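Read through the structure below, which is laid out as structure tokens, and then see the notes.
Keep in mind the model is a prediction, meaning the values are calculated, not measured. A, B, ... follow the sequence lines: proteins, then strands. Residue 1 opens every chain.
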Amino acid sequence: MSDKLWAMANLKVNFCGVEFENPTVLASGVLGVTSASLKRVVEMGAGGVTTKSIWMEEHKGHKNPTMFGTEHFFLNAVGLSDAGIEKARGLFAEYGEPAGSGAKNVRPAPVIASIVAGKQSEFADLTEEIVKSRPDILEVNISCPNVEDEFGIPFACDLLLAADVTKVVRRKLDELGSKIPMIVKLSPNVPNIGRIAKACADEGADGFCAINTVGPGMVIDLKTRKPILANRVGGVSGPAIKPIAVKAVNDIHKATGLPIIGTGGVMTGEDAIEMMMAGATLVGMGTMVYYREVGGFGEVVKEMGDWCDANGVEVVGDLIGSIK
Amino acid sequence: MDVKNFNTIPETIPIKKIVKETDTIWTFQFEYNLESKPGQFLMLWIPGVDEKPFSIAYDDGKEFWLTIAKVGSATEELFKLKEGDLIGIRGPFGTHYKWEKGKHLVLLAGGYGAAPLYGLARAAVEDGCKVDFVVGARSEDLLLYEERVSALGSNVTYHAATDDGSKGHEGYNTEILEEIIASKDGEGVSKIYACGPEMMMKRAAEIARDKGIKSELALERYMKCGFGVCGQCCVDETGVCVCKEGTVFDGERALGFSEFGKYHRDSMGKKVEW
Ligand SMILES: Cc1cc2nc3c(=O)[nH]c(=O)nc-3n(C[C@H](O)[C@H](O)[C@H](O)COP(=O)(O)OP(=O)(O)OC[C@H]3O[C@@H](n4cnc5c(N)ncnc54)[C@H](O)[C@@H]3O)c2cc1C
Ligand SMILES: Cc1cc2nc3c(=O)[nH]c(=O)nc-3n(C[C@H](O)[C@H](O)[C@H](O)COP(=O)(O)O)c2cc1C
């Protein structure tokens, strides 16, 4: 262990033309309800943040219990609760204007707007609204497993639907003349994630975020014989899913070569390095907050720097896709 | 993280006893070693229904109590349960009240806030503290915990304030707080603890600040996870999670939250004025 304060390695990365101070980003759905909360995550060391998935209209979500964890995994079925586009507008206004905009309240780090909808046409409408708030990146969430009762299987689990949503959002962005990079958030719950990524890439995705939660899974209380989540089933995240995420990221990397936010089970700097080797440019963390609290972001960044320094890596970006 | 082995799967245990405080406020008692500290809360799962946060009113290492008001759909279902029925618990979560041995403390309770402050009073008296326990309610029949608090002994004084004057002082409990501080005896007050409606807590914190006395408040915000992950209870503009870095905050710190006494958020994150 070294006791130096700063890593010597350069931890900056460029993702679809957007500069990040370091490769860590907050994953969607964790600490992403308010601007103040996102800013705090940046203060704690994250290179960027993702909002909780935004709907056009209010969306209640599921009753509690919506989440809990063990040493190995975390299970959640929040059901994408959100107060809709109007609240989101307020959030972006509070978070600040894009870097280089010359505005007084410049945002502390890039923000990725995660959007969700039940129909293709709604994705188009929401895209039109959300770009007005000038997020740095648009993340199209087509992979949440927790609203299946409402909407059927996620778009991300069907190659044609995934491609179609991508096309609809791409067309809208082009129509608006928007240069905001658009990435698609994919589900690991498919036989071949690389093929789905390729189909989205062909329809104009600029990159990907992978993975959303695994499963769904279920936990049953033995005494009452009832599933604990109010939604009965929920998405699995946390340490247990890391190997699935690393493999998925590598598959997408090989299939498309596009930039990826590698997400899923990243808890430490070494986990993050592994994700980059698999093909990730940025590394998303959500459930890490459960195990290491919000301060974990800065710790992971430091661990990444330490690893680079100890292994003669001068530029962290050199690790991207360096798997042999 | 203070959650043992990271296991936050609710554990189901039987309700041992139900004590009716009023028609709509009941105390649920459980035989279980929760290992909580005064001011902490837990998430209570009504299997198949919902799961909600409640403050721990009493915990002696063998049993613990929750004092719960029937206010909506989840608590209505809870009030249908009987002794022996199974219920799930997750926790304890959050920060706790802090006090020093042998000091003079004033506890200010509104509504079911009397329950967690009873837990504090009990522990503080054991540590040789002198306690003024000031409760406010709309009317006499809604005053909670009087007998239990009075039974803590001669070091505890129970003061009541009611809106309609049916018992004790007619008016706000914060007026009693001001009287106590202004009295000769009040010079030695080392800390003020408040739990109840946010406006009451804000007033208490302001009184404390003006008199140069420390204070601690237990904030309430909409909670889902209880352990600092979902972000539902983050307060403006610091972004601090109430469930994790609170719910008990120093009064000074709480007064610094820009939303304190102004608004909170609903289950979707939308602002709601108090
Ligand atoms: C830390 C903390 C400690 C609490 N301690 C107690 C206690 O000791 N005794 C007690 O009677 N009540 C306590 N409450 C409030 C209690 O959680 C709510 O009364 C309960 O959740 C109501 O649920 P419901 O479905 O019956 O009512 P609903 O109709 O759903 O809601 C009624 C009101 O309760 C509040 N509420 C609902 N759900 C939540 C939630 N998940 N988190 C926070 N507030 C909510 C809202 O302000 C709402 O307006 C506490 C709340 C918090 C945050
Ligand atoms: C409580 C919780 C809420 C989540 N909500 C969302 C969401 O709203 N939108 C989304 O795209 N992903 C959501 N996710 C998935 C995460 O963004 C992430 O893809 C997944 O949890 C795997 O990463 P992790 O192991 O680092 O958490 C959520 C995850 C958790 C644990």
At a heavy-atom separation under 4.5 Å, does A:His59 approach chain B through its side chain, its backbone, both, or neither? backbone

Please classify the contact between A:Lys39 and chain B as side chain, backbone, both or neither, with a heavy-atom cut-off of under 4.5 Å. neither

What closest approach, in Å, do [X] and [Y] show between heavy atoms, and which atom pair accounts for it?
X	Y	result
A:Phe68	B:Ile9	CD1-CG1, 3.5 Å
B:Gly48	A:Lys226	N-CD, 4.0 Å
A:Lys87	B:Gly269	CE-O, 3.2 Å
A:Tyr290	B:Thr8	OH-OG1, 2.8 Å

Is the side chain of [X] donor-acceptor paired with the backbone N or O of [Y] at a distance under 3.5 Å, no angle test?
X	Y	result
A:Tyr291	B:Phe6	no
A:Lys223	B:Thr12	yes
A:Ser81	B:Met268	no
A:Asn64	B:Asp50	no

Please check if the number of heavy atoms outside [X] that lie under 6.0 Å from its [atom1] is greater than 12.
X	atom1	result
B:Lys271	NZ	yes
B:Asp210	CG	yes
B:Lys17	NZ	no
A:Arg232	CZ	no
A:Glu21	CD	no
B:Glu237	CD	no
B:Lys98	NZ	yes

Under 4.5 Å from any heavy atom of chain A - which part of B:Val49: backbone

At a heavy-atom separation under 4.5 Å, does B:Glu245 approach chain A through its side chain, its backbone, both, or neither? side chain

Just give me the residue among A:Leu222, A:Asp221, A:Leu229, A:Thr66 that pairs up with chain B most often, heavy atom to heavy atom, under 4.5 Å. A:Asp221

For each of A:Ala230, A:Ala83, A:Pro65, A:Gly90, tally heavy-atom pairs with chain B at distances under 4.5 Å, and name the one with the top tally. A:Pro65

Heavy-atom side-chain proximity of B:Thr238 to A:Arg40 below 4.5 angstrom: no

Does the pair B:Glu77/A:Lys63 count as a salt bridge with the N-to-O cut at 4.0 Å? no

Members of residues 24-36 of chain A whose heavy atoms come closer than 4.5 Å to chain B: A:Gly29, A:Val30, A:Leu31, A:Gly32, A:Val33, A:Thr34, A:Ala36

Quick check on the structure: residues of residues 82-90 of chain B within a heavy-atom distance below 4.5 Å of chain A, by number. B:Leu86, B:Arg90

Roughly how far, to the nearest 0.5 Å, is the NZ atom of B:Lys270 from the CD atom of A:Glu86? 8.5 Å

